[in-house]
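Below is one structure, written out as structure tokens, with a few remarks after it.
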Amino acid sequence: MNCTETQERLPDELSGRLDPAETAEVRAHLAACPVCRHEHSALGQTLSALDTLPIASPSPALRRNCYAMLEAEKRSLAPTRAAAARPSRPAHFSILRWILAPAGVAALVCGGFFAGTRFAPPAPAPGLDPATKQELAELRARVDSVGQLVGMSLLQQRSTSERLQNVLATLDQRNPGQKVIADLIGSLALDPSTNVRLSALDALYPHSNQPIVRSGVLATLPREQNPLVQVAMIDFLVAARSHEAVPALEQLARNDTIDHAVREAAKRGLAQL
Amino acid sequence: MLASYPDIRVTSPSFVVNSPSEAVDPATDTLSDHELMLAVRDGELDALGELFERHHGPLFGFLVKLTGQRTAAEDIVQTVFQRMLKYRHTYRDEGSFTAWMYHLGRRCAADYFRRHQATPAATDPADLQDHPDEAPHAGENAAVRDDHALLHTALNRLDRDDREVLLLSRFQELSFAEIAGILECSVGAAKVRAHRALRELRDVYFQLQKQKLS
């Protein structure tokens with residue numbers, strides 16, 4: 001090993017980072033070379049001086065501040081966690097609801113049909129009188145709403161990803177019918193999955209100029225518990241310039257029990273409206 | 001837009017470090033730094049308390065020597081742990097916690113130097129205990145303190161990059177592979193920079209000693 005090779009290895013030799021074979025070679029060279037020995041000694045003195053520098057300790061304030069910061073972060077996460085826990089908590093209720101709701105609706109329809117055929121008077125001939133016509137229209141509306149409920153129950157029996165795909169499929173429709181809009185509002189109001197509710201809200205954005213969409217979102221806002229969806233709904237209503245949302249936003253802005261981010265979003269929204 | 005809403009995992013708190021005065025859960029003692037940081041990433045924020053206890057001392061020592069100021073070093077340590085919390089989701093499965101911590105420390109220190117480049121540094125009263133008074137000292141203790149002051153001056157005269165690599169290689173028990181990761185360079189380059197920095201320090205230190213004697 002020559003002087004250049006030895007001097008390249010001196011810092012590693014002094015730090016104990018060389019393997020034994022290289023250490024032996026360096027030491028053999030040092031024994032024979034006064035120039036490298038001088039270099040070795042000077043670097044060794046510098047490192048020794050570095051090692052004797054006192055070890056500084058931080059003040060107790062550092063620990064105090066860091067733990068305070070940690071606690072603050074935990075507190076800020078708590079509402080989000082609670083909201084995230086909400087759908088999973090009554091899982092068995094959700095399952096029961098999925099099974100019982102369609103069964104209940106089906107039983108109601110069958111019961112109605114049975115009672116109707118057995119006890120109802122014979123069907124009137126078409127075009128008899130206006131009162132009967134109105135009654136028929138009301139009955140048809142009720143059957144339609146029962147049909148929607150059955151549809152919603154069946155929709156919720158599907159997996160989350162299937163429901164999500166259903167909602168996303170509506171994004172491609174340029175002029176969706178009122179039924180699609182109603183289904184999207186239904187998903188926003190009733191779907192147990194946060195992602196499905198959020199995607200339903202996304203799908204409603206292009207139709208925010210329709211009063212029924214704005215009032216549907218506004219009606220759903222007080223029922224919503226998840227801060228993510230709440231903030232998204234507030235943004236939606238503000239983007240839609242929905243001035244009728246002002247009282248609801250004022251209520252949210254004053255409510256100390258809800259998530260801080262939601263309150264802030266409500267205040268921001270009020271300022272913009 | 002949908003992809004930006006991750007599922008938020010809710011797990012039971014297994015690490016209980018609520019305040020500095022409370023004992024650390026013995027379960028955390030057996031976990032490696034990497035395992036603790038993965039727990040923090042997954043929402044067990046209390047695990048950061050154990051990481052703080054393990055690492056804030058060496059990190060503070062590194063930053064005191066790097067900045068030459070205790071108060072600045074404390075601020076930077078706090079910022080490092082703040083960023084660990086903020087960017088916990090970016091911690092990688094195959095990562096080395098220590099390397100990541102010094103990487104963050106280096107970035108925070110760079111921010112500090114950038115902010116204070118234009119403004120003259122005020123004397124930190126906390127630093128005075130580490131430096132000799134204006135009056136001459138008698139005896140060996142004073143000589144040692146003089147020598148420390150001389151070395152501090154020599155360190156401060158190095159380029160910040162040189163000082164950084166020298167401190168990382170000498171004091172933080174890091175391999176050159178880890179240092180290379182922190183400095184974002186090759187292992188060979190990290191080694192060459194550390195050796196060059198040591199030689200530079202030696203030259204400045206000996207020069208200052210000569211000036212003092214003359």
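All values derive from a computational prediction rather than experimental measurement. Quick note on labels: first sequence line is chain A, next is B, and so on, each numbered from 1.
Distance alone, capped at 3.5 Å, places no donor-acceptor pair between the B:His56 side chain and the A:Leu62 backbone. For the pair A:Glu73 (side chain) and B:Leu85 (backbone), a donor-acceptor distance under 3.5 Å is absent.
Judged by the 6.0 Å distance and 45° axis criteria, A:Arg63 is not positioned over the aromatic ring of B:Phe52.
Heavy atoms of A:Ser57 lying under 4.5 Å from chain B belong exclusively to its backbone. Interface remark: A:Ile55 contributes no atoms to any contact with chain B (heavy atom separation under 4.5 Å). With a 4.5 Å cut-off on non-hydrogen atoms, A:Leu14 touches chain B through its backbone but not through its side chain. Contacts of B:Leu155 with chain A are made by side-chain atoms alone, with heavy-atom separations under 4.5 Å and no backbone atom involved. Looking at B:Arg196, neither its backbone nor its side chain comes within 4.5 Å of chain A, counting heavy atoms on both sides.
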(message) Before you tell me yes or no, could you show the steps for A:Asp51 and B:Arg170 under side chain to side chain contact (heavy atoms under 4.5 Å, CB included), namely the whole-Å CA-CA distance, both residues' side-chain angles and the distance that decides it to 0.1 Å?
(response) CA-CA 8 Å; A:Asp51 292 344; B:Arg170 188 62 190 173; 2.6 Å; yes
(message) Is there a side chain to side chain contact (heavy atoms under 4.5 Å, CB included) between A:Leu50 and B:Lys65? Walk through the geometry before answering.
(response) CA-CA 10 Å; A:Leu50 264 181; B:Lys65 290 187 182 84; 5.7 Å; no
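The line from OG1 of B:Thr79 to CE of A:Met69 is 9.0 Å long, rounded to the nearest 0.5 Å. To the nearest 0.5 Å, atom CG of residue B:Leu45 and atom CZ of residue A:Arg75 are 12.5 Å apart. Atom CD of residue B:Gln82 and atom SG of residue A:Cys66 lie 8.5 Å apart, to the nearest 0.5 angstrom.
Put simply, the side chain of B:Leu151 does not reach to within 4.5 Å of the side chain of A:Thr52, judged on heavy atoms. Proximity of A:Leu70 to B:Phe81: side-chain heavy atoms (C-beta onward) are nowhere separated by under 4.5 Å. Looking at heavy atoms from C-beta onward, A:Asn65 lies out of side-chain contact with B:Glu74 at the 4.5 angstrom threshold. Contact of the B:Leu198 side chain with the A:Leu10 side chain is not registered, since no non-hydrogen atoms from C-beta on lie closer than 4.5 Å.
Nearest heavy-atom pair across B:Ser169 and A:Arg17 is O-NH2, 2.6 Å. Of all heavy-atom pairs between A:Asp12 and B:Phe176, the closest is OD1-CE1, 3.8 Å. Between A:Pro11 and B:Arg199, the closest heavy-atom pair is CD-NH2, 3.9 Å.
Residues of residues 200-210 of chain B placed with any heavy atom under 4.5 Å of a heavy atom in chain A are listed by number as B:Leu201, B:Arg202, B:Tyr205, B:Phe206.
With respect to the salt-bridge test (charged N to carboxylate O, under 4.0 angstrom), the residues B:Lys191 and A:Glu8 do not qualify.
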